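The block underneath contains the structure these notes are about, expressed in structure tokens.
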Amino acid sequence: MHTALLLEMAAGALADRIATGPAADGVTYAELAARARAGGVWLDAQDAVTVVYVGLNGPMLPVALFASAEIGRPFAPLNYRLPDAELRRLLARTAPSVAIVDDDMVSRVEGVEGADIVRRSEFEKVCADPKLREAEAPAADHDIAVLLFTSGTTGEPKVAVLRHRHLASYVISTVEFMHADEDEAALISVPPYHIAGIAAILTSVYAGRRTVYLPTFTPEGWVELAAAEKITHAMLVPTMLGRILDVLEARGEKLPALRSLSYGGGRMPQAVVEKALKLLPHVDFVNGYGLTETSSTVAVLTAEDHRAAIASDDPKVRRRLGSVGRPLPSIEMEIRGPRGEVLSPGQSGEVYVRGEQVSGEYLHRKVLQDDGWLATNDAGWMDEDGYLFVEGRLDDVIVRGGENISPGEIEDVLRQHPAVADVAVYGLPDDQWGEKVACSLVARGAPPSTDDLGAFVRSKLRSTKTPEVWDFRDALPYNDTGKLLRRQLKAELTAQQPAPV
Amino acid sequence: MELKPGSRWKSAVCDTEVVVVRATAGDIALECGGHPMITHAEAKPAGLTLAPDHADGTQPGKRFADEVTGLEVLATKGGKGSLSIGGRAIGAKEAKKLPASD
């Protein structure tokens with residue numbers, strides 16, 4: 001089972017349906033398949049193994065992905081937002097490769113040894129070549145489908161390996177073939193080098209849902225394109241949703257065609273979810289939790305879960321708005337303690353997952369256990385009904401006097417304070433408690449008093465969770481997929497602490 | 001026939017095509033429309049007709065899991081014939097409706 005077969009099936013079942021682009025004159029499934037065939041035949045003739053993609057989101061992205069899949073070459077989308085030197089370093093790691101590069105980015109990546117460059121405009125011409133479109137598919141061994149450089153928060157990026165069987169298994173076990181109505185359209189604004197961007201292409205094609213690309217994200221651009229293209233579905237990372245809600249509120253835009261918004265890729269502040277439910281009451285909200293190494297989603301909080309939580313007086317049900325939902329039927333999940341023991345509901349530990357979509361593999365390093373379980377490095381707990389609450393990266397959890405404290409929980413509270421625009425909570429070394437709770441804040445207007453902020457936290461959480469160190473600054477550090485770099489703040493503040501006497 | 005994971009098979013009597021999602025060891029006689037399925041590359045034999053007992057049709061995108069042998073296939077193209085193993089009909093798995101999350 002390989003991912004190119006997903007497109008072949010779609011083109012066989014609904015050849016004339018629009019697969020990608022505007023409803024009026026987009027590319028049909030038959031046309032997408034023909035372009036992928038031509039592109040694949042051409043790529044197969046190149047003296048390269050990996051197919052690299054350096055460019056903005058756009059209709060050439062699914063063509064390049066499926067062209068690579070058909071000929072069994074790994075597809076490696078790179079983060080074009082990186083500084084040139086880093087981008088070139090990643091490109092060098094893909095050699096021998098052929099890189100499809102946006103015309104205006106060519107000068108940034110030219111001359112890297114082992115990486116041949118084809119301009120996107122040239123590749124488009126290749127995909128229109130009638131001879132190549134009618135050529136037989138070359139014989140291929142379908143093994144590695146996608147290589148993704150993880151945008152981790154530390155160190156040199158690792159290369160996550162996703163094989164055809166992982167991605168295909170994710171798609172066929174979570175999506176019903178061609179179940180989308182003809183008027184459904186998904187707006188893709190996550191970048192090409194993010195697992196959600198790859199998964200969106202595969203699941204949309206299999207569902208028969210048209211995809212529309214936002215080349216580069218701005219909240220205004222997103223709202224305008226969603227309205228113009230009558231977008232029904234979209235996936236957003238938390239920072240995107242917050243900014244989109246601000247634009248919707250300011251403009252009084254309701255997006256009547258919108259049916260489903262999914263979010264994931266980081267902790268969503270509960271206040272943002274509540275605001276979203278209020279501003280867009282006609283929309284189904286879905287929270288997806290997953291990792292690059294798990295081929296995207298492994299747990300979902302469904303629209304019904306959201307509605308039940310917001311309508312409930314039972315605190316146990318209500319708090320599920322802050323959970324990531326329950327594991328997919330095809331996924332096994334466990335919470336384990338430091339010695340590997342399986343923990344009971346309510347106990348916090350490390351999240352483990354197992355399933356056919358779980359790759360748990362980096363180039364030259366497999367982290368999957370022999371029995372198929374992957375340690376996610378995320379801390380979390382499950383309630384009695386199997387809802388997963390993710391507390392953050394295991395390394396970010398603050399251990400103060402033996403008590404595990406989730407930074408996200410404190411951040412959610414502080415973000416509700418009217419004078420706080422943004423906040424990061426992390427642990428700093430402490431002689432007495434091992435670690436103490438510290439925070440960096442961006443104030444909205446004049447900085448509030450720390451006494452006032454401390455009292456605000458104590459009014460909502462146990463007193464041990466009140467920050468002891470308050471650091472005000474103009475902005476917090478994020479990586480370019482919106483992940484907060486707590487570790488950077490922690491390092492800076494640790495260096496600033498007075499040396500022990 | 002040996003049904004390897006990822007191998008593709010087609011009906012000898014209709015348009016149905018399948019891909020093997022999960023294989024099991026041993027010899028399994030996978031049929032469609034009452035006749036053994038043939039490899040994707042093979043030419044269809046002449047003179048065969050759809051068996052009336054195996055003519056309920058196969059829908060593209062449906063998954064078929066056989067509890068007896070453990071074989072699982074995905075229909076990549078639909079057709080008039082239905083699937084069976086050694087004459088025993090195998091039914092489609094219940095589809096799980098999950099919300100879009102990507």
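Proteins get letters first, then strands, A, B, ... in listed order; numbering begins at 1 in each. Worth saying up front: this structure is predicted, and the values here are computed from it rather than measured.
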* In sequence, state the C-alpha distance, the side-chain angles, and the governing distance for A/M1 and B/R8, and then conclude on side chain to side chain contact (heavy atoms under 4.5 Å, CB included). => CA-CA 9 Å; A/M1 188 70 207; B/R8 299 180 65 179; over 6 Å; no
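In this structure, CD on B/E17 lies 7.0 Å from CD on A/E8, to the nearest 0.5 angstrom. In this structure, the separation between CD1 on A/I198 and CG on B/D102 is 11.0 Å, given to the nearest 0.5 Å.
Of the two parts of A/T174, the backbone and the side chain both hold a non-hydrogen atom closer than 4.5 Å to a non-hydrogen atom of chain B. The contact between B/K62 and chain A is made entirely by side chain atoms (from C-beta outward), counting heavy-atom distances below 4.5 Å. Heavy-atom distances place the side chain of A/R209, and not its backbone, under 4.5 Å from chain B. Only the side chain of A/Y206 has a heavy atom closer than 4.5 Å to any heavy atom of chain B. When heavy atoms are compared at a cutoff of 4.5 Å, A/I172 approaches chain B by way of both its backbone and its side chain. Heavy atoms of A/L328 lying under 4.5 Å from chain B belong exclusively to its side chain. The contact between A/Y170 and chain B is made entirely by side chain atoms (from C-beta outward), counting heavy-atom distances below 4.5 Å.
No more than 12 heavy-atom neighbours from other residues, nucleotides or ligands sit within 6.0 angstrom of CD on A/E356.
Closest non-hydrogen pair, B/S101 versus A/M235, comes out as O-CG, 3.7 Å.
The side-chain heavy atoms of A/P329 and B/L98, taken from C-beta on, include a pair separated by under 4.5 Å.
Note on A/S169, A/S173, A/G288, A/A13: by heavy-atom pairs under 4.5 Å with chain B, the leading option is A/S173.
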